[in-house]
Structures are given as C-alpha cells and as structure tokens.
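We count ligands from 1, going down the list as the structure has it; atoms in each ligand are counted the same way.
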Amino acid sequence: MKISCVLLLLINLQHVRTDLQYDSCSYWTSSKGYGLPEFTERRVLNDVTVYYYDSRTRSKTPCPDWINTTAGKDEWGIIHHWSDYNKDFFTLGFQSASKQFNQTGSLSDQNIYQGSGCCSLYPNGTYRGFLTSAFNGKDFLSLDISSRMFVAAVPQAVVYKNLKERDPATINVLAAFYKTRCLDRLNIFKQAPEVLIRKAPEVRIFEQQKADSITVTCHVTGFYPRVIQVVWLGPDLQPVDEGVTDVLPNEDGTYQTRKSVIVPEEDVGEHTYSCVVLHSSVPDNITRVWGGEKAGGMAVWISLVCICLLAAGIGLVVWWRCRTRDAVI
Ligand SMILES: *[C@@H]1O[C@H](CO)[C@@H](O)[C@H](O)[C@H]1NC(C)=O
Ligand SMILES: *[C@@H]1O[C@H](CO)[C@@H](O)[C@H](O)[C@H]1NC(C)=O
Ligand SMILES: *[C@@H]1O[C@H](CO)[C@@H](O)[C@H](O)[C@H]1NC(C)=O
Ligand SMILES: *[C@@H]1O[C@H](CO)[C@@H](O)[C@H](O)[C@H]1NC(C)=O
C-alpha cells in the first residue's frame, strides 16, 4: 500500500511541467477623478512592462535594442499605430459608459473604464486570446472572437456595442489578432532581457515538533520567474496546506514559497522524505532529504552520557581508594 502510494507520486511527478506559461497582455484605462492621465496603455509580458503610452506625456516607448529583427521592428510600428486607435476607442467607451450609467443614476465622482487584451501560451503548447473591458470594476463589453461580435455584459453597454459593430473591418482585425496573430507578438516579447532572467531557488528544510507528529517545512526562496513546483515525497505524508500554496514576492523582485507536511511520530526515523523543487532555472531538480530522528535517538544520547558519568564516577572512587591506601602505607 505504502509502496503504491510512493509510485503514484513519482508517476504524477513526471507530468509536472515547469515550462513557463507566457501571458502577453495589454491594459488600457480611460478615467476621471483618479488623477490618472485620461488614457493609459501598458503592454506586459508576464510581470514585465514592455511598452507604455499615456495621453499626458504622449510619448510612446521607442523600439528597444533587443528587438533586432525586421518582423520585430514592424510589430513595434504596429503597436505605435494602434496606441492612437486605442486612445479613441477607450475614450469613446468611457464617455458612452459614463452617459449610460448616469442615466440610471449610478455614476460617481471617480469613474474608470479598463480594458485588457491577453494572449496566453500554455506549457502544453496551446494558447488562448481574449479582449474584455470593465466599467468601475464590473464587466462591461467583451469580444467574442469566434462570432466576431461584441458581447454586452450589462444593458448600459448595448449602446457602445452597437456603435462598435458599425465598423466590422476593425472587429475582423481584432478577432484575427486574438485568434492567431497575438502569438507572434508574444514570441517577440519573450526575448525581452527582463523576461529571460532566471534565478535559482535556495531550498531549506525545518521541522516543528507537535504532540504526536512532526511538521516538516520545505522553504524555497530567491527564485525567478514565479512558476515553481514544490513536491514532498515519502510514505504516510499528510499535507498541511490544502490546495494551492502561495508564492509570495521578496523585496528584491524574486519569489518565495513553502510547503509543509505532517510526519506521524511512529514514522520518524523510519523513512526518509524528500522535498523536490522544479524550476526553470535548474535543468533537473533540487532535492533535499529529511530523515528525522526518532525520540529513541535522544534516549541513546542520554544513555551514553549516563555511561560516561558512571565510568567517571567509578574512576574517581578507584582513584580515591588508591590514594587513601597510599596514605595508610
Ligand atoms: C539578435 O539578437 C540575438 C540575441 O541578442 C542574437 O543572438 C542574434 O544574433 C541577433 N540577430 C541579429 C540579426 O542581429
Ligand atoms: C449626468 O446627468 C446630469 C443630468 O442629466 C448631467 O447634468 C451631467 O452632466 C451628467 N454627467 C455626465 C458625466 O454625463
Ligand atoms: C493545455 O493547458 C491549458 C491550461 O492548463 C488547458 O486549458 C488546455 O485544455 C490544455 N490543452 C491540451 C490540448 O491539453
Ligand atoms: C531529480 O534529478 C535527478 C538527477 O539530477 C534524477 O535522478 C531524479 O529522478 C529527479 N527526481 C525527480 C523527483 O524528478
């Protein structure tokens, strides 16, 4: 039974992938009352901002040095061109939404229209794109890529949906982009130096004694990028944190996480347990083994100390006896 559990874990581990999931996203805002520029546009790959534009500075990020192919430079030109279109698109969306929500009496002093368009490349090679927007944090309008129609999430969005659908040529361009073309851009952004950074994790094990068990924690820190797998292997382990364990940011831009398991007292010293860490910065894995030490281990040490003390005592008595005998003679 125990053996089959271990085997099962090992088999599952073979399916664990640490290949990165890439998310190439664009974020737009059009707002009033937040102190933000009227329009902002940010293009991001995973955690890294690759491109920025806003209506206040009106400066578009120039083509970076790391883009050295013609296709890459062309793509950058397309991004510049679309910044102007997006500014109009989102300003209009903001105005339309404000007007509609004002009519239903639910407009406040601070209003924001936010859009996001993402293309995600999964480790299994498939990808997915979407374009959606929200007004004051609630779903507003999204693009249905297959039907090439906008979908209004609230009645207030219908006016803007109808306005946008008067321009089917642009919808076709957007749908085609999120259907396939976005992957080309993602593959260009993937080459950004900040995206290529890899930092290997430091792995440390510590234990905490409980009444009839020991909680063993594998602490993993200093790694980049964020995607990581931490797995405990060994018999009779009970997980402490059910479900997903948090990955938290460190101050230096790296990440940390931990995984704890409970080892029953009767198993301590009987088996070894391994914390296996898989990360894109290391070719294989980082494995730390924890063997534990039976409470019996302590007893052995106590007996040893006792034996030493006893031996010392006997020695003292013998020495004293010899001394007194000398004195008598
Ligand atoms: C582009 O940059 C990459 C990485 O810096 C380099 O390996 C490649 O040779 C460059 N290609 C050209 C055409 O300059
Ligand atoms: C909201 O409606 C009121 C009354 O109709 C109007 O005076 C005001 O300008 C509207 N505000 C916006 C932001 O549309
Ligand atoms: C690939 O992975 C994604 C995300 O985990 C999943 O939604 C999709 O179904 C997978 N596709 C295939 C073909 O396995
Ligand atoms: C970890 O890597 C070593 C080689 O470095 C390999 O023998 C071992 O099977 C790997 N363990 C797991 C659990 O992937």
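- For atom 5 (O) of ligand 3, the nearest non-hydrogen atom of the protein is Tyr122 CD2, 4.5 Å.
- There is a protein heavy atom closer than 4.0 angstrom to atom 2 (O) of ligand 2.
- The aromatic rings of Trp66 and Trp76 lie perpendicular to each other, with more than 60° between the two planes, well past the 30° mark.
- Interface atoms of ligand 2 facing Leu107, defined by a heavy-atom separation under 4.0 Å, are 13 (C).
- Ligand-side atoms of ligand 4 in range of Asp284: 2 (O), 4 (C), 5 (O), range being under 4.0 angstrom from any heavy atom.
- Atom 4 (C) of ligand 2 has Asn102 ND2, 4.6 Å as its closest protein atom, hydrogens excluded (heavy atom only).
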Given side chain to side chain contact (heavy atoms under 4.5 Å, CB included), test Thr104 with Gln156 step by step and report yes or no. CA-CA 9 Å; Thr104 50; Gln156 289 92 339; 3.4 Å; yes

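- SG distance check for Cys182 and Cys119: under 2.5 Å.
- Below 4.0 Å from some heavy atom of Thr126 lie the following atoms of ligand 3, by number and element: 1 (C), 10 (C), 11 (N), 13 (C).
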May I have the step-by-step check of salt bridge (Lys or Arg N to Asp or Glu O under 4.0 Å) for Glu75 and Arg181, ending in yes or no? CA-CA 11 Å; Glu75 191 65 32; Arg181 265 253 309 120; 3.0 Å; yes

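- Aromatic rings from Phe140 and Tyr113 are positioned such that their centres are separated by under 6.0 Å.
- Ring orientation note: the planes of Tyr85 and Trp82 are nearly perpendicular, at an angle over 60° on the 30°/60° scale.
- Looking at atom 10 (C) of ligand 3, its nearest protein heavy atom turns out to be Asn124 ND2, 2.5 Å.
- Among Val231, Val277, Asn285, the residue whose heavy atom sits closest to atom 8 (C) of ligand 4 is Asn285.
- Every N/O-N/O distance between Ser98 and ligand 2 stays at or above 3.5 Å.
- No donor-acceptor contact under 3.5 angstrom links the side chains of Ser98 and Asn102, judged on distance only.
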